[in-house]
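Read the structure below first, then the notes.
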Amino acid sequence: MAVTKKSKPSTYFSLGADIHDTKAPAGPIDKKWQARQLQAKLVNPANRRKLTVIIVGTGLAGAAAGATLGEAGYNVHSFCYQDSPRRAHSIAAQGGINAAKNYRNDNDSVHRLFYDTVKGGDYRARETNVYRLAEISAGIIDQCVAQGVPFAREYGGLLDTRSFGGVQVQRTFYARGQTGQQLLIGAYQALERQVAAGTVTMHSRHDMMEVIVHNGKARGIVTRDLISGKIEAWYADAVVLASGGYGNVFFLSTNAMGSNVTAAWRAHRKGAYMANPCYTQIHPTCIPVQGDHQSKLTLMSESLRNDGRIWVPKDPADAEKDPRQIPEEDRDYYLERIYPSFGNLVPRDIASRQAKYMCDDGRGVGPLISEVTQEGVSQQRRRGVYLDFADAIARLGKAAVEKLYGNLFDMYAQITGEDPYATPMRIYPAVHYVMGGLWVDYDLMSSIPGLYVAGEANFSDHGANRLGASALMQGLGDGYFVLPNTINDYLADGPFEKIDDATPAAVEALEAAKARVDRLLAVDGTRTVDSFHREVGAIMWEYCGMERTEEGLQIAIEKIRALREEFWTNVKVPGTGVDFNQALERAGRVIDFIDLAELMCIDALNRRESCGGHFRRESQTEDGEALRHDDEFAYVAAWEYAGDGEAPILHMEPLNYEAIELKQRSYK
Amino acid sequence: MKITLKVWRQANKDAKGSMKTYRLDDVSEDMSFLEMLDMLNEDLTTKGGEPVAFDSDCREGICGMCGVVIKGSAHGRYESPIATTTCQLHMRYFADGAVIEVEPWRAGAFPVVKDLVVDRSAFDRIIQAGGFISANTGSAPEAHSTPAPKHLADRAFDNACCIGCGACVAACPNGSGMLFTAAKITHLANLPQGQPERHSRVKAMVAAHDGVGFGGCQNVGECAAVCPKKVPLESIAQLNRDLFASLFKSV
């Protein structure tokens, strides 16, 4: 589908030239990756140790890339902000990892996984990248098993799989409810093996503050040692950002407390395009907000929707009643009512949006939460819906339910103090993942030569919505198999000219990092860093969350700009820059979130269509479902930074679907 | 709820530390322990004080980054009805008016960085010594070429679930990291893929454990009692069996 109607520039942005991925070779889709591997220039094993690669982030993508490039013989420097690479937030993924193994003999194939991923992404992903991901998926499982990842097994000793996220084949491999943890520990151990072998040098408790771009190439980074406060430059022939997603822009999300956009945002300011920043995934089955002091939200695997039934009271007056005292005829099983064929298993975005509508309508349950609506009205609403296992317990018995979901029920009980076997759980949607990220070509190289981006930090594979159990697949796929077969094409021209702390690009980056720390400490205002984070999060959740409108997004942009002004005049960062200062770490992250928030709203404003997890109120069908506009928006929106206070520049990458026909989703 | 906190304050690893007392009047029982510390820090910052440094990241009990000693027990295990990390401990388990002592992990191998933050990189060095299977990317055989008996795979998992938080070390009177080390030994020793390096691994990891300054194990069992992931004490027996067997192998 060709984009026939072009976006017009507005006061919020200007238009740049279209961009294209130039690395995926021509030819049939199932031969492209093989062809690219054949075309890519190679680096002689004896020369690899002369080439240095910096990797920022040690999650699945970063640890896998670090281990693999180390094994290949490159000189790798790996950085993370945590105290150990094993802490990266990939560890929190619960459900599983997809792979087209067809072990179940249920018609699965590379093509079907490819198709499901593109369709799940609502036709906003780049076809070539997704096909490659499906192609390498089986090898990821082999690699993890060889490392000793304890996947769930059948009694015969072979690997168990399950169906996940509404797909009809059983292609999801899992390790109890802790798949992310086990995969990450596998990659971490492979990384530590290379640390011992001397190919990888690990720098934990380091924040990346700048990219060093010399003669148009990414040649290093500037970091701050979080213990000593030392600001230092590191040089390399290529830089890989595997720094994760930016869901924490919403303050309350399922991300880790430290998950941040700073590495990606600093690269964006140096010339890396940010693609589809407004594409956010909101997960329907999270534990609701309890009060004003909440620091994060906890996700429960959406496998709960296989047996739990979702409902709210028909009458708002029943909100405070004991749910067990509300008779069947007074309950509204709204998903079963609106979507009789899919019921409680509708896709994540629909389940999330309907929960919001029920609560907007005053029929939510749980504690009253203070909020300000898009129209500026202050109100209190209950933000929760029931997820009820009473039928499942009656049908299967408590023991069977416990076997299936015991760990999730325990987690729920621990956090809420309620017993989910006796009374229905309460759930509400929460920000979980971002599909947007830095723009990359087929080789995973950003618009800055020599700067690569892997895992959730890039935009490439999930379009406007990610399929369940695909994040782990992408992180490991990028790190183990894609990057190590593409980065050599670039490194083959190295080693590049030697640079050091006296090179103008390094001087500039070092001074910028130091000036930033000084500026944050100098404001010495009256508001804490966290209060700014909460405020930007509340703005984003209300105006750029599950449902967006033209007017609302414009209001949000004004509010964000005012908040930025206030931040730089009134933030209070205690302590100094030369020791361990967690408020200072957070301050740097929060101001980058505020800057990102504005770009997210501009991107959302431009995309006047509903697609994937992104619902625009102005773009819906007669019965209120999401309506895409392929003739206008079948493109990747890649944003170029134009300077502080300048309108960003939009570059469009048209999405050409050759192997797949575009269709409108329907779950009725 | 009203609570009184006695918190260990130490400016850096070389400074002398001491317990400082703080009062909070408006703690909600739905808060997690760390959200209560967040509240203390907001309060301290607004009043011009310096916030208390503490580590946390995922806040859902899986990354292993958080961990403090609460009223004398690691992660406040003895305040909670079930095994827990600090981030999953909630204020509803404390009485109104409670006095709560909060200290960092105390162990020779975990020097204090600041306040409640310690350096646990000694754990990484134990893993570097052999806590892995040497399988380069790309070299793996088809996943189903080697079946693994389910009961052994489950046993491997029961140990692989270790989150590396260090509670076992903090709870041990000897500051031993033996449960952490044993968890990795037992995880890999129960999988077919882990067999080729089984004996060299146990020797190297135990040597590294002793080398980085952890104390010896006397089977006190406090480590397993506070473990948020319930890594079993018998894993240490597996480590000892494998270590003994390795003495007769030329590895």
Side-chain angles (χ1 to χ4, degrees), chain A residues 64 67-68 71 82-84 86-87 89 91-92 101 103 139 141-143 145-148 150 153-159 175-176 178 181-182 185 189-190 192-193 195-196 204 227 256-258 290-291 293-296 298 410 414-415 417 480-481 484 528 530 572 574-575 579-580 582-583, chain B residues 12 28 30-32 34-35 38-39 42 45-46 49-51 53 55-60 62-65 82 84 88 90 92 113-114 117 119-121 123-124 127-129 131-137 139-144 147-150 153 156-157 160-161 164 187-188 191 193-194:
Chain A
T68 306
E71 288 160 8
Q82 300 91 341
D83 72 328
S84 162
R86 66 179 294 151
R87 314 273 185 225
H89 199 56
I91 206 159
K101 281 281 199 187
Y103 280 164
I141 302 302
D142 297 340
Q143 179 60 30
V145 167
Q147 288 172 343
R153 289 182 182 267
E154 306 268 19
Y155 283 100
L158 301 179
L159 297 167
R176 294 192 196 161
Q178 287 147 257
Q181 181 201 22
Q182 294 308 317
I185 296 300
Q189 288 169 190
E192 293 295 355
R193 175 172 165 247
V195 171
S204 54
I227 293 179
M257 300 304 287
Q290 290 276 27
H293 295 288
Q294 193 129 5
S295 60
K296 79 153 278 164
T298 302
D410 289 349
Q414 175 83 339
I415 291 171
Y480 284 135
F481 297 114
T528 64
D530 275 11
K572 180 164 187 68
D579 67 352
F580 191 79
Q582 292 174 313
Chain B
N12 56 57
S28 152
D30 286 326
M31 284 180 179
S32 70
L34 297 181
E35 284 165 357
D38 288 342
M39 186 187 188
E42 288 289 281
T45 305
T46 323
E50 198 178 341
D55 268 332
S56 81
D57 207 25
C58 78
R59 295 209 178 178
E60 44 190 281
I62 195 75
C63 76
M65 184 101 169
I82 59 171
T84 187
Q88 294 295 293
H90 281 67
R92 69 179 72 93
V113 172
K114 183 176 182 178
V117 175
D119 176 357
R120 288 169 288 195
S121 55
F123 271 179
D124 292 330
I127 298 297
Q128 284 157 21
F132 47 74
I133 288 170
S134 301
N136 281 5
T137 307
S139 61
E142 196 337 285
H144 270 175
K150 180 169 164 52
F157 190 97
C161 65
H187 161 203
L188 298 176
L191 293 170
Q193 292 81 6

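Each chain gets a letter, A, B and so on, in the order its sequence line appears, and its residues count up from 1. All values reported here derive from a predicted model rather than from experimental measurement.
- Between chain B and the residues A:Gln294, A:Gln290, A:Gln181, the largest count of heavy-atom pairs under 4.5 Å involves A:Gln181.
- We find the OG-CD distance between B:Ser56 and A:Gln82 to be 11.0 Å, quoted to the nearest 0.5 Å.
- If you measure heavy-atom distances from B:Ser134 to chain A, the contacts under 4.5 Å come from both the backbone and the side chain.
- Contact annotation: the side chain of A:Pro574 approaches that of B:Pro51 to within less than 4.5 Å [non-hydrogen atoms, C-beta and beyond].
- Only the side chain of A:Ile227 comes within contact range of chain B, with at least one heavy atom under 4.5 Å from a heavy atom of that chain.
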What's the verdict on side chain to side chain contact (heavy atoms under 4.5 Å, CB included) for A:Arg176 and B:Phe157, showing C-alpha distance, side-chain angles and the deciding distance? CA-CA 9 Å; A:Arg176 294 192 196 161; B:Phe157 190 97; 3.2 Å; yes
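- In terms of heavy-atom pairs under 4.5 angstrom with chain B, the leader among A:Ile91, A:Thr68, A:Ile415, A:Asp530 is A:Ile415.
- At least one donor-acceptor pair under 3.5 Å links the side chain of A:Asp142 to the backbone N or O of B:Ala143.
- Ranked by heavy-atom pairs under 4.5 Å with chain B, the first of A:Lys101, A:Lys572, A:Gln178, A:Gln582 is A:Gln582.
- Taking the side chain as every heavy atom from C-beta outward, B:His144 and A:Tyr103 approach each other to under 4.5 Å.
- Of the listed residues (A:Ile141, A:Ile185, A:Val195), the greatest number of heavy-atom pairs within a distance under 4.5 Å of chain B belongs to A:Val195.
- Between chain B and the options A:Ala196, A:Gly139, A:Ala67, A:Ser295, the largest number of non-hydrogen pairs under 4.5 Å is found for A:Ser295.
- Comparing B:Ala156, B:Ala153, B:Gly131 by heavy-atom pairs within less than 4.5 Å of chain A, the highest count is held by B:Gly131.
- Counting heavy-atom pairs under 4.5 Å between each of A:Gly258, A:Gly291, A:Gly417 and chain B puts A:Gly417 at the top.
- Top candidate by heavy-atom pairs under 4.5 Å with chain A, chosen from B:Asp119, B:Leu188, B:Ile82, is B:Ile82.
- Looking only at heavy-atom pairs under 4.5 Å with chain A, the residue among B:Met31, B:Glu142, B:Lys114, B:Gln193 that has the most is B:Glu142.
- Looking at B:Arg59, both its backbone and its side chain come within 4.5 Å of chain A, counting heavy atoms on both sides.
- Although no hydrogens or angles enter the test, the distance criterion places a donor-acceptor pair under 3.5 Å between the side chain of B:His187 and the main chain of A:Gly148.
- The distance from atom OG of A:Ser84 to atom CG of B:Asp57, rounded to the nearest 0.5 Å, is 11.5 Å.
- Heavy-atom pairs under 4.5 Å with chain A peak, among B:Ser121, B:Gly164, B:Gly194, at B:Gly164.
- A heavy-atom distance below 4.5 Å is found between the side chains of B:Thr46 and A:Thr528.
- For chain A, no part of B:Ser28 is nearby; none of its heavy atoms comes within less than 4.5 Å.
- A side-chain donor-acceptor contact under 3.5 Å links A:Glu192 and B:Gln128.
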Side chain to side chain contact (heavy atoms under 4.5 Å, CB included) between A:Gln147 and B:Thr137, worked out: CA-CA 9 Å; A:Gln147 288 172 343; B:Thr137 307; 5.6 Å; no
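- To the nearest 0.5 Å, atom CE of residue B:Met39 and atom NE2 of residue A:His293 are 4.0 Å apart.
- Expressed to the nearest 0.5 Å, how far CE of A:Met257 lies from CG of B:Leu34 amounts to 8.5 Å.
- Looking at A:Gln182, the atoms closer than 4.5 Å to chain B (heavy atoms on both sides) all sit in the side chain, from C-beta outward.
- When the salt bridge (charged side-chain N to carboxylate O under 4.0 Å, His left out) test is applied to B:Glu60, the partners found at least two apart in sequence or on another chain are A:Lys296.
- Separating the CD atom in A:Gln189 from the CD1 atom in B:Ile127 is a distance of 5.5 Å, to the nearest 0.5 Å.
- For B:Pro149, the side chain to side chain contact (heavy atoms under 4.5 Å, CB included) partners two or more places apart in sequence, or in a different chain, are B:His151, B:Leu152.
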Going through the distances and angles, do B:Val113 and A:Phe580 end up as a side chain to side chain contact (heavy atoms under 4.5 Å, CB included)? CA-CA 8 Å; B:Val113 172; A:Phe580 191 79; 4.2 Å; yes
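- Smallest separation of non-hydrogen atoms from B:Ile62 and A:Ala92: CG2-CA, 3.7 Å.
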Trace of the side chain to side chain contact (heavy atoms under 4.5 Å, CB included) decision for B:Cys63 with A:His89: CA-CA 7 Å; B:Cys63 76; A:His89 199 56; 6.0 Å; no
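- Per-residue counts of heavy-atom pairs under 4.5 Å with chain A were compared for B:Ile133, B:Asp30, B:Thr45, B:Asn136; the largest is that of B:Asn136.
- For the pair A:Asp83 and B:Arg120, the salt-bridge criterion is met [side-chain N within less than 4.0 Å of a carboxylate O].
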